[in-house]
Amino acid sequence: MILGCADGRHPRRTIPREVSVIDLKPACTAMTSVLAHDGESQLDARTRCTEFAVRDLIDHVAAVAHGFSALARAEADATTMLTTAELRGAWLATVAEHVRDLGAAWDDRAAWPGTSTGGGVELANEVWGRIALTGVT
């Protein structure tokens, strides 16, 4: 919103519109609980979406957590997708770590204003934050 007199007696100034901030940490905490209880033996189990196995959904969560954390921090690798195939060792714990990082990255109020480009698409950061939320819920 721009305020000021048209006759020039008072300078015009821009008042930024309030940016909506969503706390992603509760959803991220719930997701890390799911990851903690998921066993390696269940990775090939089918989900309600029968074309996806549990492993596929964890891959999606890993990619969302990694990419959207980078978007929140305006990092250059925001379009780099991370998959469980790239993780070594205790990979479920590593995915959970990335999910916690996602909550922390979007907890910074500076992540929400402005726009960012991810995957060749430019959107308002408020929209990216909402998409990140849906990716872990």
Side-chain angles (χ1 to χ4, degrees):
M1 171 171 39
I2 298 176
L3 298 177
C5 294
D7 65 7
R9 290 182 300 174
H10 300 287
R12 294 174 71 119
R13 64 185 178 104
T14 302
I15 307 233
R17 138 183 109 71
E18 210 36 54
V19 174
S20 297
V21 175
I22 300 169
D23 185 0
L24 274 65
K25 292 187 306 298
C28 291
T29 298
M31 178 55 70
T32 58
S33 294
V34 170
L35 291 168
H37 290 93
D38 197 75
E40 296 264 344
S41 64
Q42 299 172 340
L43 294 177
D44 293 320
R46 302 322 283 170
T47 64
R48 283 195 234 171
C49 300
T50 56
E51 66 271 19
F52 298 109
V54 171
R55 176 184 314 276
D56 300 322
L57 297 182
I58 294 173
D59 273 345
H60 174 74
V61 169
V64 165
H66 180 73
F68 284 81
S69 293
L71 274 171
R73 293 188 176 108
E75 295 173 354
D77 66 349
T79 58
T80 303
M81 301 305 272
L82 177 69
T83 65
T84 54
E86 298 171 281
L87 302 173
R88 301 287 182 257
W91 65 274
L92 286 172
T94 303
V95 173
E97 188 177 306
H98 285 288
V99 170
R100 282 189 293 278
D101 184 51
L102 176 71
W106 285 97
D107 198 37
D108 183 354
R109 291 188 65 79
W112 293 88
T115 61
S116 296
T117 301
V121 177
E122 183 176 357
L123 294 172
N125 290 347
E126 290 178 81
V127 175
W128 286 123
R130 287 184 179 100
I131 294 171
L133 177 62
T134 63
V136 292
T137 55

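Computed from a predicted structure; not experimentally measured. The first residue in the sequence is number 1, and the count goes up from there.
- From Leu102, atom CG reaches atom CE of Met31 across 10.5 Å, with rounding to the nearest 0.5 Å.
- Listed here is the closest heavy atom pair of Gly103 and Cys28: N-SG, 3.6 Å.
- Formation of a donor-acceptor pair under 3.5 Å by the Glu122 side chain with backbone atoms of Ser116 is not found in this model.
- For Glu51, the side-chain hydrogen bond (donor to acceptor under 3.5 Å, both in side chains) test picks out no residue, with sequence neighbours left out.
- Taking the side chain as every heavy atom from C-beta outward, Ser20 and Glu126 approach each other to under 4.5 Å.
- When every heavy atom of Ala62 is checked against every heavy atom of Val95, the shortest pair comes out as CB-CG2, 4.0 Å.
- Between atom CD of residue Gln42 and atom CD1 of residue Ile58 there is a gap of 9.0 Å, rounded to the nearest 0.5 Å.
- Hydrophobic clustering (side-chain heavy atoms under 4.5 Å, transitive across Ile, Leu, Val, Met, Phe, Trp, Tyr) keeps Phe52 apart from Trp91.
- Distance check: Glu97 CD to Leu92 CG gives 13.0 Å after rounding to the nearest 0.5 Å.
- One finds the SG atom of Cys49 at 7.0 Å from the CG atom of Leu57 (value rounded to the nearest 0.5 Å).
- Between Thr47 and Val54, the closest heavy-atom pair is CG2-N, 3.8 Å.
- The two residues Ile131 and Thr134 make their nearest non-hydrogen contact at O-OG1, 2.8 Å.
- Considering only heavy atoms from C-beta on, Asp101 comes within 4.5 Å of Arg73 through its side chain.
- In this structure, CG in Leu71 is found 9.0 Å from OG in Ser69, a value given to the nearest 0.5 Å.
- The residue from Val99, Asp56, Thr32 that alone fulfils the side chain to side chain contact (heavy atoms under 4.5 Å, CB included) condition with Val61 is Val99.
- In this structure, the separation between OG1 on Thr29 and CG on Leu24 is 10.5 Å, given to the nearest 0.5 Å.
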Q: Take Trp128 and Trp106 through the ring pair (Phe, Tyr, Trp, His ring centres under 6.0 Å) test and state the conclusion after the steps.
A: CA-CA 10 Å; Trp128 286 123; Trp106 285 97; 8.7 Å; no

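- In terms of heavy atoms, Ala53 sits closest to Leu43 at CB-O, 3.7 Å.
- Shown here for Ala105 and Ala111, the closest heavy-atom pair between the two residues is O-CB, 3.8 Å.
- Scored by the side chain to side chain contact (heavy atoms under 4.5 Å, CB included) test, Ala30 finds no partners at all (sequence neighbours excluded).
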